[in-house]
Amino acid sequence: LARRGWSAARLAAGPIFVCLGVAGLILADGVPGMPKVGPWPSYWVMVTSFVGMAAFDTALHARQMLPPWLAKWKLGVSALIVSSLLLGVLKGQYLERNAHDLIMAQAMSED
């Protein structure tokens, strides 16, 4: 079950994905001195990290370093999380656009 290069990659993957998660949270709160871009970059960082984790798990499973039942669970949970994040992006951008249109319509009617 242990392959030298893949075992090292497996050890490094955990801290890398934790750092990506922290980066996503930092981006969601905004970085002082940087332009305000909203929470959307954090969503894309999180989607990318979960897709990357699923790809890495698939590679580990192909090399028999991850049991089939665990691979199925991890891929299923990752798919659920990615779909939730993507729906959050779609819903949030729709609500943001709709709110902007309503504000602009209200401003036009007051003139």
Query - Linked, directly or transitively: I81 and L90 (ILVMFWY side chains, under 4.5 Å) - result: no
Query - Spacing of CH2 belonging to W73 relative to CG belonging to L66, to within rounding of 0.5 Å - result: 14.0 Å
Query raised in the report: Which heavy atom in F17 sits nearest to a heavy atom in G52, and how many Å separate them?
Result: CZ-C, 3.8 Å
Query raised in the report: Say you draw a straight line from CE of M108 to CG of D101; how long is it, rounded to the nearest 0.5 Å?
Result: 11.0 Å
Query - Considering all heavy atoms, the nearest G88-W40 contact - result: O-CZ3, 4.0 Å
**Report entry** Nearest non-hydrogen partners of M46 and L20, listed with the distance
**Finding:** SD-O, 4.3 Å
Requested in this report: Could you walk me through whether K91 and L87 pass side-chain contact (heavy atoms from CB on, under 4.5 Å), step by step?
Outcome: CA-CA 6 Å; K91 179 183 169 188; L87 286 173; 6.0 Å; no
Report summary line: Separation between NZ (K72) and NE2 (H61), nearest 0.5 Å, reads 8.0 Å
**Report entry** Minimal non-hydrogen separation, L27 against S42, with atom names
**Finding:** CB-CB, 3.8 Å
Report task. Might you work through the side-chain contact (heavy atoms from CB on, under 4.5 Å) test for E96 and H100, ending with a clear yes or no? Result -> CA-CA 6 Å; E96 214 173 53; H100 180 267; over 6 Å; no
Query - Which atom of M65 lies closest to which atom of S7, heavy atoms considered - result: CE-OG, 3.8 Å
Query raised in the report: When clusters are formed by joining ILVMFWY residues with side-chain heavy atoms under 4.5 Å apart, either directly or through shared neighbours, do L75 and L80 land in the same one?
Result: no
**Report entry** Close side-chain approach of L86 to W44, heavy-atom, < 4.5 Å
**Finding:** yes
Query - Rounded distance [0.5 Å steps], CG in N98 versus CD in Q93 - result: 13.5 Å
Query raised in the report: According to a 4.5 Å side-chain heavy-atom criterion applied to Ile, Leu, Val, Met, Phe, Trp and Tyr, with indirect links allowed, do L25 and F50 form part of one hydrophobic cluster?
Result: no
**Report entry** Nearest heavy-atom neighbours spanning L85 and Y43
**Finding:** O-CD2, 3.5 Å
